[in-house]
Every structure is written in structure tokens, then in C-alpha cells.
Amino acid sequence: MDGKHMQIGEVAARTELSLRTIRHYEETGLVTPSARSQGGFRLYTETDVARLMVIRRMKPLGFTLDQMRDLLDATDALDSDVALGAEEREGLLERVRAYQREAAEQVEKLRVQLSRAEDFEGTLRARLEQDAQAAGG
């Protein structure tokens, strides 16, 4: 355990995820609270928050819940204290590399979309400025 426990509200504020979303990720098995309070409240650690941040970063790139689970399983295995054979470790690393490559591809697609959106917004702004000058002149 990594010390301090946080309730779901603090975790939601830190991750910018809704309570409902965090509970959904728990229901789907992506994140499990590290503990429960005597009153039954979910308690999370920094490790849990880091896990939620991975999920939050994957979602806008179009990764599915199954892909999120697969990546988290691979990184959990790499981070565990269990000794891994060289072949098993390389297999896990290759899974992580595949997700990194897919993330890079999605980021590039988003850059193109953002560039097009900025061009569009600039075109509209120029049009409005042109009309404002014509009306004032």
C-alpha cells in the first residue's frame, strides 16, 4: 500500500473524472479501490489514481475498455514483484510497445484534426473581421 487513502470525491477531483465514471471503471474491473472505510466508502491510493489517469488518457485516443484492461494487465505484470522470464517480459513489453505505437498514430490523427479545426476557426474569424471593417468603413 502506498500510504494515504482518499475517498472517491477527492479522486474524482484529482482525475477530473465523474464519480459515476470512476464507479463504472470499478464495475468493469479496470480499477478496484484499495480499501474500504468502516462505513463502506471506497478508499483509493496514489497507485489507484495513477491507474485512473492511464484510463483517462487512453479514452480520448479511442481505446476500448478491453484494450485499457489489457495494457493495465501488462503494466501490472511488469511492475509486480513476481520474477518474469525473459520471453514473458519481452512479450509484455511488446504489448506496451504496440499500445504506444497506436497512441502515437491516434495523436497524429488528432493533430491533423486540430489543425483543420484551427484553420476553420481562423477562416470564420477573418470573415467576421472583414465584415466588421466593411460595416465600420
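Note that the numbering runs from 1 along the sequence shown for the chain.
- The shortest heavy-atom contact between T45 and D48 is N-OD2, 2.8 Å.
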Worksheet item: How far apart are the C-alpha atoms of E105 and K109, what are their side-chain angles, what is the distance that settles it, and do they pass the salt bridge (charged side-chain N to carboxylate O under 4.0 Å, His left out) test?
Response: CA-CA 6 Å; E105 289 173 15; K109 288 177 184 177; 5.5 Å; no
Item to complete: Check the pair R69 / D73 against salt bridge (charged side-chain N to carboxylate O under 4.0 Å, His left out), numbers first and verdict last.
Response: CA-CA 6 Å; R69 185 175 299 106; D73 287 348; 5.9 Å; no
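- The distance from atom NE2 of H5 to atom OG of S37, rounded to the nearest 0.5 Å, is 10.5 Å.
- Partners of Y25 under the ring-ring contact (aromatic ring centres under 6.0 Å, His included) rule, at least two apart in sequence or in another chain, do not exist in this structure.
- Between the CG atom of L78 and the CG atom of L84 there is a distance of 6.5 Å, given to the nearest 0.5 Å.
- Hydrophobic cluster membership differs between L52 and F41, with clusters built from Ile, Leu, Val, Met, Phe, Trp and Tyr side chains linked at under 4.5 angstrom.
- Contacts of R14 classified as side chain to side chain contact (heavy atoms under 4.5 Å, CB included), with partners at least two apart in sequence or in another chain: M6, E10, E46, V49.
- Two residues are said to be in side-chain contact when any heavy atoms from C-beta on lie closer than 4.5 Å; L72 and L30 meet this criterion.
- For the side chain to side chain donor-acceptor pair (under 3.5 Å) condition, the pairs that include at least one residue of residues 81-96, sequence neighbours left out, are D70-R95, E90-R97, E94-R97, E94-R101.
- Side-chain contact check for M53 versus R56: some heavy-atom pair is nearer than 4.5 Å.
- Across A77 and L92, no two heavy atoms sit closer than the pair CB-CD1, 3.6 Å.
- Contact of the L114 side chain with the E118 side chain is registered, since non-hydrogen atoms from C-beta on lie closer than 4.5 Å.
- Remark: of the listed residues E129, R127, Q133, R127 is the sole one forming a side-chain contact (heavy atoms from CB on, under 4.5 Å) with D131.
- The hydrophobic clustering, which links ILVMFWY residues whose side-chain heavy atoms are closer than 4.5 Å, places I22 and L43 apart.
- In this structure, R111 CZ and Q106 CD are separated by 12.5 Å, a value rounded to the nearest 0.5 Å.
- Counting all heavy atoms, side chain and backbone alike, L61 lies closest to A103 at CD1-CB, 4.0 Å.
- Taking Ile, Leu, Val, Met, Phe, Trp and Tyr as hydrophobic and joining them when side-chain heavy atoms fall under 4.5 Å apart, one finds F120 in a cluster with L124.
- Contact between V96 and A74 at its shortest, heavy atoms only, is CG2-CB, 4.2 Å.
- Judged purely by atom type and a 3.5 angstrom limit, T21 has no side-chain atom pairing as donor or acceptor with the backbone of L17.
- The nearest pair of heavy atoms linking F63 to M58 is CD1-O, 3.3 Å.
- Legend: residues meeting side chain to side chain contact (heavy atoms under 4.5 Å, CB included) with R42, ordered by chain and number and at least two apart, are I8, R23, E26, P33, R36, Y44.
- T64 is linked by a side chain to side chain contact (heavy atoms under 4.5 Å, CB included) to D66, Q67, counting only residues two or more places apart in sequence or in another chain.
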